Amino acid sequence: MIIRSDGDRLTIQSPAKINLFLDVLGRREDGFHDLETVICAIDLQDTLEMRVVAGNEITLHLHGNGTGQREPLPEGEDNIIVKALRLLAQSSGVDQGMEVTLTKRIPSAAGLGGASSNAAAVLLGAARLWQRDWSLEQLAGVAAEVGSDVPFFLHGPAAICRGRGEIVQPLQNRLRLHLVLVHPPAGLSTARVFAHCQPGRPVSSAALIEALETGNRRALLDELHNSLQRTAAGLEPWVGRLEELLSGSGCLGFQMSGSGTSFFAICAHRQHARQVAARLRSQQPGQVDYASTLDGKKWLSGWPC
Ligand code: C5P
């Protein structure tokens with residue numbers, strides 16, 4: 001999450017995430033599921049531009065809405081960006097407006113957290129532009145109301161998240177993972193995948209966390225886990241197809257991210273990622289991108305602004 005200010009405007013790079021580990025522990029009374037998930041932010045990023053406007057209107061412009069996306073993004077009040085800003089303004093008595101322009105690169109319905117990341121980004125941006133002294137903890141309270149994955153993006157770039165995802169404990173990631181991302185032509189709604197999942201016996205994330213914090217890629221590859229992958233495979237045939245294609249792609253390991261349908265393949269280095277991507281592209285699995293995990297040095301650079 002990189003924030004740059006230019007007079008009364010801000011530009012924010014809003015990253016996607018991958019789930020290296022995701023275990024569904026059980027269904028809760030409120031309809032959500034308790035989770036244990038290890039998340040890393042990656043350098044596939046949307047760009048948000050923000051500026052304060054006269055009055056108290058919150059407006060959103062979507063650049064290239066629909067291009068490269070499976071479906072057009074929700075507009076106006078239905079968009080998570082507008083909801084997040086509205087909630088922040090209401091909960092803290094702000095009576096100012098905001099204009100936001102979003103240039104979208106992260107596919108939606110992909111399990112990559114693009115919408116959650118955008119919501120966290122505008123909360124950070126609004127704190128600066130509305131000139132309030134909110135701490136990250138205060139913003140995290142609003143973030144949790146907006147969506148389960150939103151608080152992660154205030155605390156990244158690597159964390160273990162519990163509860164419904166909103167209880168975030170940052171982790172040290174000593175690995176720079178070189179990734180190939182595959183976005184198949186069909187997406188899945190998070191709510192639909194959770195509605196069909198069957199929590200199983202809990203799996204421990206301890207070995208994966210140790211691998212991440214000690215920089216042991218070999219051990220990390222053995223500990224990848226996503227208990228939503230099987231559910232997603234039962235709902236969308238592309239998930240099974242990608243499992244098969246990625247098994248023969250020459251990558252070191254792969255997994256679906258979040259509730260799907262995007263997959264990440266871990267490669268040895270950038271050149272290896274190019275070879276894996278070329279092989280996959282020839283099999284036309286959908287859109288294929290490179291990415292790597294973000295390190296902590298630049299995380300929240302520009303904050304507090
Ligand atoms: O919190 P968020 O709006 O991202 O969640 C979308 C939907 O996914 C929820 O309405 C819920 O149905 C499901 N979900 C869940 N358990 C979680 C997170 C999400 O059941 N921990």
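No experiment lies behind these values; they were computed from the predicted model shown. Counting starts at 1 for both ligands and their atoms, following the listed order.
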One finds that the ligand 1 atoms under 4.0 Å from a non-hydrogen atom of Arg164 are 17 (C), 18 (C), 21 (N)
Sub-4.0 Å atoms of ligand 1 with respect to non-hydrogen atoms of Ser148:
1 (O), 2 (P), 4 (O), 18 (C)
What is the closest protein heavy atom to atom 14 (N) of ligand 1, and at what distance does it sit?
Phe194 CD1, 3.4 Å
Knowing that exactly one of Lys104, His63, Arg105 qualifies, which makes a side chain to side chain donor-acceptor pair (under 3.5 Å) with Asp46?
Lys104
Spacing of Asp43 atom CG and Ile2 atom CD1 [to the nearest 0.5 Å]:
9.5 Å
Near Gly147, which atoms of ligand 1 are under 4.0 Å from a heavy atom of that residue?
1 (O)
Do Gln169 and Arg162 have a side chain donor and acceptor closer than 3.5 Å?
yes
Ignoring hydrogens and geometry beyond distance, is a side-chain donor-acceptor pair present between Glu236 and Thr261 at under 3.5 Å?
no
Assess, by modelled atom type and distance only, whether the side chains of His183 and Ser262 contain a donor and an acceptor separated by less than 3.5 Å.
yes
Side-chain heavy atoms nearer than 4.5 Å, only ILVMFWY residues, links allowed to pass through others: does that put Val150 and Ile167 together?
no
Students should be able to answer this: which protein heavy-atom is nearest to atom 5 (O) of ligand 1, and at what distance?
Phe32 CE2, 4.1 Å
Looking at Gly31, which atoms of ligand 1 are within less than 4.0 Å of one of its heavy atoms?
20 (O)
For atom 8 (O) of ligand 1, what's the nearest protein heavy-atom neighbour? Residue, atom name and distance, please.
Thr190 CG2, 3.5 Å
Checking the N or O distance criterion of under 3.5 Å, is ligand 1 in contact with Asp149?
no
Distance from atom 16 (N) of ligand 1 to nearest protein heavy atom, with residue and atom
His33 N, 2.9 Å
Ion pair check, Asp34 and Arg28, cut-off under 4.0 Å
yes
Consider ligand 1: state whether an atom of it lies below 4.0 angstrom from any non-hydrogen atom of Gly165.
no
